[in-house]
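Following: one structure in structure tokens, then a few remarks.
In the text below, chain A, chain B and the rest are named by the order of the sequence lines, each starting its count at 1.
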Number of protein chains: 2
Amino acid sequence: MAVTGEIKKTTVEFSDFGKHENEIVTIKGTVHNIRMMSDFAFVILRTARETVQCVYSEDFSSYRMPPELKEECAVKVTGKVVAGETREGTKRYELQIHDVEILSHPAAISPVVITKKQVQCDLNTNLDYRPVTLRNPRERAIFKIQEGIQRGFREFLTSQNFTEVHTPKINYAGAEGGTNVFKLDYFGKQVFLAQSPQLYKQALVGVYERVFEIAPVFRAEHHDTSRHLNEYISMDFEMGFIDSFEDIMNMETGALKYIMNLLKTEYANEVSLLHADIPEITEIPVIKFMDAKQVIMKQFKYQPTDMKDFDPAEEEMLGKYAKKKFNSDFIFVTHYPSKKRPFYTMDDPEDPEYTLSFDLLFRGLEITSGGQRVHDYYEQVEKMKRLGMNPEQFETYLMLHKYGAPPHGGLGLGLERLTMHLLGFKNVREATMFPRDINRVTP
Amino acid sequence: MAVTGEIKKTTVEFSDFGKHENEIVTIKGTVHNIRMMSDFAFVILRTARETVQCVYSEDFSSYRMPPELKEECAVKVTGKVVAGETREGTKRYELQIHDVEILSHPAAISPVVITKKQVQCDLNTNLDYRPVTLRNPRERAIFKIQEGIQRGFREFLTSQNFTEVHTPKINYAGAEGGTNVFKLDYFGKQVFLAQSPQLYKQALVGVYERVFEIAPVFRAEHHDTSRHLNEYISMDFEMGFIDSFEDIMNMETGALKYIMNLLKTEYANEVSLLHADIPEITEIPVIKFMDAKQVIMKQFKYQPTDMKDFDPAEEEMLGKYAKKKFNSDFIFVTHYPSKKRPFYTMDDPEDPEYTLSFDLLFRGLEITSGGQRVHDYYEQVEKMKRLGMNPEQFETYLMLHKYGAPPHGGLGLGLERLTMHLLGFKNVREATMFPRDINRVTP
């Protein structure tokens, strides 16, 4: 015996029903819902990305509706493809059931109703029953959109000669330091879970010039908010030979344009199901940090409590400002104060109180931090010392600088947070398949 | 100010030199090597995927060779593209240097020689200096090949309507149980690092029918061998509505064919640099476990010590058998004994001592384990009890079965191990950028 790798199809996809009008076909899927009428029944079949209406009637079904057919049975249905009309008058195919083969049976009825447009429970219950609630077409559409976002990020960067890399998640030192790292006993040594691929992706700029990674990161933050997770997927890139940190913002703008276009085309069903408002991007306005503070104080009459960073209310004001003044859903804020950015950030040579860094705000929420990095060895060692760090503890990291690094920079983008805000959710857990927070590590 | 996302190029790639013959262009890269001759010099420039020969001579260089130009300087070189000939007589473009702009300087000379064909040190030193040694063209080609493998896996499965997912790496229970899990303190709770996405990818078959994931997994194995890592990248897929477990082997065969073809076409430079012997796959032979044992005993006159599994010597014999009898670099071994496979494996209804499972051997090394899974709730609960497990501890996992699952199965494929064996290495660390083993967590 041998296998050839040729994929033979014995069943038909719903998206191909148009090619089979009035033909007898077989389709497989899960029984999503059964509605019994007086002399006929609707069996809604859930396939990988669609729901398909199948109709049972004694008029054309050669076969009695099997009494053991119930919701969440896996089935093969054979029948005739017929063109019907939706209430709005557009053509929609359905299947007149001739025969049903039951492939598997559930042992119990779902404790949560998943057959309505939305899952019928609160968020906590929804998360407790994730293996079931994700079967709801709206729920699973969220993570199909999420797939589209990361796929767009990858496809665009690949087209720009980036290399995809995987860096280790078990780290000897935390990238950003601080207390919010998870500690791990590693054969008697204390090690950490990666908070970010920062130090590795910089090292790899010396190897491939341009790299990206899509992978989990871990933050032991103790606070329980609607926008933080303790494990999330970070989409990171880092690029060398930049002329200025504007190159990084430009690359991100290109990636976002590509992603939004991909969602509108290849994820149109999911976009429509979720009523997602996908932004149009022509260009993204850029404002300096201190100018943004002026806008907040003068145009919004708001007195910031912290002149080194923005609070969520200020981010929202900047979102409104971007929409009103530039008709843009996005705005880059640049030149953050040096005190608030990590040790590897390059200071602005024209004013070292500020940095060649940026955040990207999307509809008033920060979704990216990025910037140019220090590439000169002596400059980086000097900056570390100024910040009270011990360069000897970063010997491996500093190999990049010591043995030569091109001017470079990059950014990180939280996949769940972007998904949340794109879909208009208030809680990042809605855009996370299996969220980890201070109270939840299961399912 | 605003950014548009249009990527403007001010420099030229080496791969486009053919379009610019006898023109003046600018190229950027890192000085890989300088060879001074009596009245001229070769400057070998390292770009993202190539090395480019640049020639300095007072005859055409308008400019004195800057004395501070040294290896690992990042530079922009302007010059004239000329066609030369390699020793073998094929056309090869080089650049006559007109001008050099130095963008950055290293602070020290690399302690390891990276300018020869191979890095000039032992494996341990190579790994200690990874940020530098990866700059060697042969070293970085290894991980470009690795990118190609995972890219091929992703592209093929995406074309087959698989959904890419990300499942949590912080887990409440270990998938396979056992002692080789890393434990983690999670806000006072004891949790584990994921050994495999097994339980999650099965749950998601109920949602998307077909899913895959490419992500790190963690195994706290205490032994230090040449083929094990404590953190590695697992390429997993899981597919529903299978007719038999042969569908899974067939899908893997399709993926492998696609991957090998991608390497031969889009990664041809790296394949050639590494003298990689990329296998031709037409079909992959299949042999049952007990028949394989017979081959080992009769044809190789070898007496196995364990009749439930293979030792490495037996795997090698089966590799030779596949090559000699079927002219195949691969062979599937099916129907492993039930005692040696995990609790979620489906037993063969015709002989429950054996399972509907398989391993794939590639040139005598196991690279995949896979099989059909139990999908019926009662059958899974029964099997757990028979194995002395407590089904109540797997309540979340069993939601899949309880609320309905299609017949399904899948597999896992270690990315580093496949890369290692494809490139003919003896140690998996050679195919791992930043390996984690019992003695190494740095760099």
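- Interface residue A:Thr30: backbone and side-chain heavy atoms are both found under 4.5 Å from chain B.
- To the nearest 0.5 Å, atoms CD (A:Glu147) and OG1 (B:Thr158) are separated by 6.5 Å.
- Using a 4.5 Å heavy-atom threshold, the side chains of B:Thr396 and A:Asp128 count as separate.
- With a threshold of 4.5 angstrom between heavy atoms, A:Phe218 approaches chain B through side-chain atoms but not through N, CA, C or O.
- Between B:Arg154 and A:Glu164, at least one side-chain nitrogen of the basic residue sits less than 4.0 Å from a carboxylate oxygen of the acidic one, meeting the salt-bridge criterion.
- With respect to chain A, the highest number of heavy-atom pairs below 4.5 Å among B:Gly254, B:Ala107, B:Ala74 belongs to B:Ala107.
- When heavy atoms are compared at a cutoff of 4.5 Å, A:Phe332 approaches chain B solely by way of its side chain, counted from C-beta outward.
- When heavy atoms are compared at a cutoff of 4.5 Å, A:Tyr403 approaches chain B by way of both its backbone and its side chain.
- Ranked by heavy-atom pairs under 4.5 Å with chain B, the first of A:Asp185, A:Val191, A:Leu204 is A:Leu204.
- For chain B, the nearby part of A:Asp437 is the backbone; its heavy atoms alone come within less than 4.5 Å.
- Shown here for A:Pro168 and B:Arg436, the closest heavy-atom pair between the two residues is CB-NE, 3.3 Å.
- Ion pairing between B:Lys76 and A:Asp243 holds under the 4.0 Å rule for side-chain N and carboxylate O.
- The shortest distance between side-chain heavy atoms of B:Thr163 and A:Lys144 falls below 4.5 Å.
- For the residue pair A:Arg135 and B:Leu400, the shortest heavy atom distance occurs at NH2-O, 3.5 Å.
- Between A:Thr253 and B:Thr4 there is no side-chain heavy-atom pair separated by less than 4.5 Å.
- Proximity to chain B is limited to the side chain of A:Phe156, based on heavy atoms less than 4.5 angstrom apart.
- For the pair B:Thr167/A:Met433, no side-chain contact is recorded, criterion being any heavy-atom separation below 4.5 Å from C-beta on.
- Using a 4.5 Å cut-off between heavy atoms, A:Thr47 contacts chain B through both its backbone and its side chain.
- Nearest approach of A:His375 to B:Ser104, heavy atoms of both residues: CD2-CB, 3.6 Å.
- Contact of A:Tyr397 with chain B is not made at all, since no heavy-atom distance falls under 4.5 Å.
- Within the 4.5 Å cutoff, the side chain of B:Val441 has heavy atoms near those of the A:Ile170 side chain.
- Using cut-offs of 30° and 60° for the angle between ring planes, the B:Phe182 and A:Phe187 rings count as perpendicular.
- With 3.5 Å as the limit, one finds no donor-acceptor pair spanning the side chains of A:His166 and B:Gln146.
- Only the backbone of A:Ala405 has a heavy atom closer than 4.5 Å to any heavy atom of chain B.
- The residues B:Lys402 and A:Glu72 are annotated as not salt-bridged, no charged nitrogen and carboxylate oxygen being separated by less than 4.0 angstrom.
- Of all heavy-atom pairs spanning A:Pro216 and B:Lys169, the tightest one is CG-CG, 3.9 Å.
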